[in-house]
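Note sheet for the following structure.
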There are 4 protein chains.
Amino acid sequence: MLISADPSDDQPIYRQIVDQLRQLIAAGILQPGDPLPSVRQLAADLGVNLNTVAIAYRELAGEGLVEIKHGRGARVTAAREHRFDEERMRKLLVPILSKMILAGKSDGEIVGLLREELHNIRGDKT
Amino acid sequence: MLISADPSDDQPIYRQIVDQLRQLIAAGILQPGDPLPSVRQLAADLGVNLNTVAIAYRELAGEGLVEIKHGRGARVTAAREHRFDEERMRKLLVPILSKMILAGKSDGEIVGLLREELHNIRGDKT
Amino acid sequence: MLISADPSDDQPIYRQIVDQLRQLIAAGILQPGDPLPSVRQLAADLGVNLNTVAIAYRELAGEGLVEIKHGRGARVTAAREHRFDEERMRKLLVPILSKMILAGKSDGEIVGLLREELHNIRGDKT
Amino acid sequence: MLISADPSDDQPIYRQIVDQLRQLIAAGILQPGDPLPSVRQLAADLGVNLNTVAIAYRELAGEGLVEIKHGRGARVTAAREHRFDEERMRKLLVPILSKMILAGKSDGEIVGLLREELHNIRGDKT
DNA sequence: GTGGTCTAGACCACG
DNA sequence: GTGGTCTAGACCACC
């Protein structure tokens with residue numbers, strides 16, 4: 001299982017699912033055309049309600065990352081540029097960076113950690 | 001006023017306040033020992049509910065960034081290492097990085113954007 | 001083959017088939033009395049399930065556009081006025097028009113686009 | 001009540017709500033900044049479940065037509081251009097036009113009906 | 001089998 | 001008060 005759901009996380013479960021699937025797609029582990037697990041299957045695996053997974057899938061469909069076909073499951077969309085709201089990204093970044101700075105991290109350490117995560121995501125997936 | 005509250009932001013107001021105060025502390029604009037505006041004052045300035053500001057202050061107190069003295073207002077905590085939950089930081093970073101990757105950003109572009117934001121936060125504050 | 005089935009379309013396949021056949025009849029490309037391809041044949045050509053095509057034919061029969069003769073295939077119905085539920089047509093039109101209006105289209109642009117499509121459908125068919 | 005829900009309609013209830021609200025916004029009856037009825041209120045009025053309305057609101061938020069504020073209700077978004085996928089609009093139009101043609105309507109009649117609907121939507125709302 | 005929709009009812013988060 | 005999320009369970013539509 002590549003996906004997990006933690007009800008005690010501060011993020012709602014459906015968003016955890018969205019974030020993890022988005023990461024798998026960004027990593028290339030899920031390639032365009034690949035099928036996602038069925039709503040019922042994933043719900044059973046995660047021990048969550050069917051609707052919770054359905055909401056996650058619907059959100060990904062809204063982002064254009066997956067295509068949902070009635071009766072035939074969901075698949076990763078044929079690759080296409082994802083829109084990029086730079087201002088939004090910066091705003092998301094600021095609180096995280098602030099926390100790191102307050103923890104005494106130097107710019108080098110912060111950039112290093114970022115590079116590590118980028119590498120983790122991109123990884124090798126041949 | 002260095003703080004603003006935007007009701008049309010996607011973040012709840014109390015979190016906007018928390019994030020901005022944390023950023024000001026990280027930037028050194030608010031130094032250890034400095035007093036925060038009173039809850040009443042800030043609530044009035046921002047035009048938000050008193051409780052909203054109180055919740056924000058309580059959250060910052062929970063993070064150990066400010067000390068609330070009953071009846072005597074809140075002050076930035078005497079400098080001390082803020083705990084650093086690296087795993088948590090990484091988890092916060094992943095969804096943002098995934099989105100940037102899907103938007104076609106190269107590692108260099110992503111690191112560049114991060115460096116810019118770091119610079120913006122650290123800025124000049126003597 | 002004048003018909004196609006696109007699994008990545010947002011419309012279900014059976015509806016794609018219905019809409020395309022209806023359009024061909026409206027355009028006069030399929031004339032009253034003309035035979036439709038057999039369910040088996042069309043299903044094979046489109047690479048879709050037999051039932052999917054059968055459901056499409058049944059829907060067209062329900063609209064009175066085709067006649068299904070058990071064991072002898074389906075034919076376009078002898079010409080007769082198709083019932084016209086004006087209210088239903090208006091209801092179908094409203095969401096599309098609303099979207100166009102919100103996109104800033106003028107009445108002229110909208111009417112122009114409609115005229116183009118009418119022309120495309122009517123086309124030349126001897 | 002400006003909105004209605006018909007469970008026997010072929011469109012799902014949440015989409016009926018979306019379409020009607022979009023129409024009201026296109027018509028200017030709901031202006032930017034205007035509050036939408038609360039989820040619970042509208043659900044009660046329509047006699048449907050709270051979640052059904054919530055899904056409709058979320059969809060409108062995804063379209064950028066309304067902004068939902070936790071604890072403070074939903075409002076029509078400050079006006080902005082709605083994206084316009086012309087190909088999609090044409091594809092939606094074709095089946096409707098085919099039906100009208102099969103009903104024996106002339107181009108003039110069809111255009112006339114369209115103009116009427118445009119007028120109905122745009123209407124006077126000073 | 002797949003996903004889509006809806007309900008009733010619960011509990012949490014925000015202001 | 002507001003909306004957000006989740007559950008359990010039902011029924012429908014598509015292939």
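Quick caveat, the model's predicted, so the values are computed rather than measured. Letters go in sequence order (proteins before strands), and every chain restarts at 1.
- In terms of phosphate contacts, D:Arg58 brings a side-chain nitrogen or oxygen within less than 4.0 Å of OP1 or OP2 of F:dT5.
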> Would C:Glu67 and C:Val76 satisfy side chain to side chain contact (heavy atoms under 4.5 Å, CB included), going step by step from the backbone distance to the final call?
Replying inline: CA-CA 6 Å; C:Glu67 287 174 338; C:Val76 178; over 6 Å; no
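- Atom pair C:Asp10:CG and E:dG4:P shows a separation of 13 Å (rounding to whole Å applied).
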> Which is it for A:Asn49 and A:Thr52 under the side chain to side chain contact (heavy atoms under 4.5 Å, CB included) test, yes or no, and what are the steps along the way?
Replying inline: CA-CA 5 Å; A:Asn49 188 277; A:Thr52 305; 3.8 Å; yes
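- One atom, CZ of A:Arg72, and another, C1' of F:dA13, lie 13 Å apart when rounded to the nearest Å.
- Heavy-atom distances to DNA chain E give each of A:Val39 and A:Asn51 a nearest nucleotide, and the one nearer the 5′ end belongs to A:Val39.
- Counting to the nearest Å, the P atom of F:dT7 and the CG atom of A:Leu50 are 10 Å from each other.
- Between A:Pro12 and A:Gly71, the residue whose closest nucleotide on DNA chain F is further toward the 5' end is A:Pro12.
- Residue contacts shown for C:Val48 are absent, as no nucleic acid heavy atom lies under 4.0 Å away.
- Rounded to whole Å, atom P of F:dA13 lies 11 Å from atom CD1 of C:Ile55.
- E:dC14 is paired with F:dG1 under the Watson-Crick or G-U wobble criterion, all donor-acceptor distances under 3.5 Å.
- Using a 4.0 Å cut-off, some side-chain N or O of D:Ser38 falls inside it from OP1 or OP2 of F:dG3.
- To the nearest angstrom, P of E:dG4 lies 12 Å from CD of D:Glu59.
- Remark: A:Glu87 does not engage A:Lys91 in a salt bridge, criterion side-chain N to carboxylate O under 4.0 Å.
- Mapping D:Ala74 and A:Gly47 onto DNA chain F by nearest heavy atom places D:Ala74 at the nucleotide closer to the 5' end.
- The CG atom of A:Leu36 sits 13 Å away from the C1' atom of E:dG3 (whole-angstrom rounding).
- Minimum atom distance to the side chain of D:Tyr14 is reached by E:dC6, of the listed E:dC6, E:dG4, F:dC15.
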>> As a quick check of understanding, evaluate side chain to side chain contact (heavy atoms under 4.5 Å, CB included) for B:Asp45 and B:Ile3, giving each step before the final call.
In response: CA-CA 9 Å; B:Asp45 288 352; B:Ile3 301 180; over 6 Å; no
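- If you measure from atom CD of A:Gln16 to atom C1' of F:dC6, you get 13 Å, rounded to the nearest angstrom.
- Regarding contacts with the backbone of E:dT7, a side-chain N or O of D:Thr52 is found under 4.0 angstrom from either OP1 or OP2.
- At a threshold of 4.0 Å, the pair D:Lys99-C:Glu63 does not count as salt-bridged, since none of the basic side-chain nitrogens sits closer than that to a carboxylate oxygen.
- For F:dA8, the paired nucleotide is E:dT7, the pair qualifying as Watson-Crick or G-U wobble because both relevant distances are below 3.5 Å.
- Nearest nucleotide to the side chain of C:Ile13, out of F:dG3, F:dC15, E:dC6: F:dC15.
- In this structure, the CZ atom of D:Arg40 is 11 Å from the C1' atom of E:dA10, given to the nearest Å.
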